[in-house]
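Below is one structure, written out as structure tokens; the observations come after it.
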Protein chains: 2
Amino acid sequence: PQSHHAGTGPQSARRNQPFLTPPEEEEGGGGMGRGKIEIKRIENQSNRQVTFSKRKNGILKKAKEISVLCDAEVGVVVFSSAGKLYDFCSPRTSLSRILEKYQTNSGKILWDEKHKSLSAEIDRIKKENDNMQIELSRHLKGEDMNSLQPKELIMIEEALDNGLTSLHEKQAL
Amino acid sequence: PQSHHAGTGPQSARRNQPFLTPPEEEEGGGGMGRGKIEIKRIENQSNRQVTFSKRKNGILKKAKEISVLCDAEVGVVVFSSAGKLYDFCSPRTSLSRILEKYQTNSGKILWDEKHKSLSAEIDRIKKENDNMQIELSRHLKGEDMNSLQPKELIMIEEALDNGLTSLHEKQAL
DNA sequence: GATACTATCTATAAAGA
DNA sequence: TTCTTTATAGATAGTAT
């Protein structure tokens, strides 16, 4: 009821013809407006576009209404067949937050390839980490010396000598 | 017009009172049904729940319809105020794919937070990794032997002996 | 693509089961 | 919570701008 035009006078009274095609009964589906329509792809490109535009607005409006009326969190993303994007997200939140909640709640994972690769990298590094931990441990216990390279063994031999020296000094106390 | 009940007879004819509360004009908003409602949070918990249930179904239906009629990709996620989840995704695709497209198309990053935390974890683990690498290296070079316990040194001495033996054998070839 | 204008068809607020 | 019924407010198909 927003008098957006503030009628100044009866300047426009007859635009449409009174619709003179009454008995055109086709298959009944679910629709609305002047004629019913079936819920199946609208083949006429032009009609499809117009219907999309109107219904898209309708959905976004409904989404906004339910979010306000019922204090619900709503996220809607729509792509026209031409690939144009439209979206809605309830106030006080963000699509990000809604989707994070979605994942927690549904158990489904939504994130993209980038995240998968990041997660994979984390797994890889963690494994590398574990291996290194094990290796370190084995070295500390002196196992697996056979797998060391000659150069390394010599370095260790020298180092060990120093270590033993200080060890013997300590034991002498 | 799907005759889902196939009326067998006039078994129920009068259920409701003819609505005897005519002039209850409140503030006009936007609504529908027997009485108009404003688009503002419904305070009555019960009514809010009922309205949510009905409108939620309505939105999901509309989403399905537009996806079929207009060949559009639609994703809808709804959380009731109680936190229950409902969702819809057009056929032949997935929320994941729709959201990926959303990001590409809008330039908005939906996973910013997740992204940051994953990246942070990677940095943390890498650093841990580096530290371990350094420690391992120091052990290999025999530094820090002074901090080893006597028992460990003896074990290493023995192991080293084995290592040296096999080393000398290799060098003898 | 979006809007305007209607006639129609839907969605749904209320209330009770 | 879900369903039914009824009365209405909304949404929208068809058309023309």
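Proteins come first, then strands; the chains are lettered A, B, ... in the order of their sequence lines, and each starts at number 1. Note that the structure is predicted; figures quoted are calculated from it, not measured.
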**Report entry** salt bridge (Lys or Arg N to Asp or Glu O under 4.0 Å) against K101(B), all qualifying residues, sequence neighbours excluded
**Finding:** E73(B)

Report summary line: Sorted by chain and residue number, the salt bridge (Lys or Arg N to Asp or Glu O under 4.0 Å) partners of R124(A) (sequence neighbours excluded) come out as E121(A), E128(A)

If you define the side chain from C-beta out and look only at heavy atoms, does anything of [X] sit under 4.5 Å from [Y]?
{"X": "S96(A)", "Y": "E100(A)", "result": "no"}
{"X": "S106(B)", "Y": "L85(A)", "result": "yes"}
{"X": "D123(A)", "Y": "K127(A)", "result": "no"}

Requested in this report: Could you tell me whether the side chain of R34(B) has a donor or acceptor atom within less than 3.5 Å of a complementary atom in the base of dT8(D)?
Outcome: no

In whole Å, I'd like the distance from the [atom1] atom of [X] to the [atom2] atom of [N].
{"X": "K36(A)", "N": "dT10(C)", "atom1": "NZ", "atom2": "C1'", "answer": "11 Å"}
{"X": "E38(A)", "N": "dT12(D)", "atom1": "CD", "atom2": "C1'", "answer": "17 Å"}
{"X": "R55(B)", "N": "dT2(D)", "atom1": "CZ", "atom2": "P", "answer": "17 Å"}
{"X": "K61(A)", "N": "dA11(C)", "atom1": "NZ", "atom2": "C1'", "answer": "12 Å"}
{"X": "K40(B)", "N": "dA13(C)", "atom1": "NZ", "atom2": "P", "answer": "16 Å"}
{"X": "I37(A)", "N": "dA13(D)", "atom1": "CD1", "atom2": "P", "answer": "5 Å"}
{"X": "L69(B)", "N": "dA13(D)", "atom1": "CG", "atom2": "C1'", "answer": "11 Å"}

Query raised in the report: When clusters are formed from ILVMFWY side-chain contacts under 4.5 Å, directly or step by step, what else is grouped with I134(B)?
Result: none

Report task. Give the other cluster members for V74(B), using side-chain heavy-atom distances under 4.5 Å between Ile, Leu, Val, Met, Phe, Trp and Tyr residues; answer none if it is isolated. Result -> F52(A), I59(A), L60(A), I66(A), V74(A), V76(A), V78(A), Y86(A), F88(A), F52(B), I59(B), L60(B), I66(B), V76(B), V78(B), Y86(B), F88(B)

**Report entry** OP1 or OP2 of dT10(C) under 4.0 Å from side-chain N/O of K62(B)
**Finding:** no

Using a cutoff of under 3.5 Å, can you pull out all pairs of nitrogen or oxygen atoms linking the protein to nucleotides 1-3 of chain C, with atom names and distances?
residue	atom	partner	partner atom	Å
dA2(C)	OP2	S53(A)	OG	2.4

Query raised in the report: Looking only at atom types and distance, does a side-chain atom of T51(B) sit under 3.5 Å from a main-chain N or O of R48(B), one as donor and one as acceptor?
Result: no

Requested in this report: Go through V77(A) and L95(A) one step at a time and tell me if the side-chain contact (heavy atoms from CB on, under 4.5 Å) criterion holds.
Outcome: CA-CA 9 Å; V77(A) 175; L95(A) 260 190; 4.0 Å; yes

Query - Bend angle of the helix from dA2(C)-dT17(D) to dA17(C)-dT2(D), from helix axes over five pairs at each end, nearest 10° - result: 60°

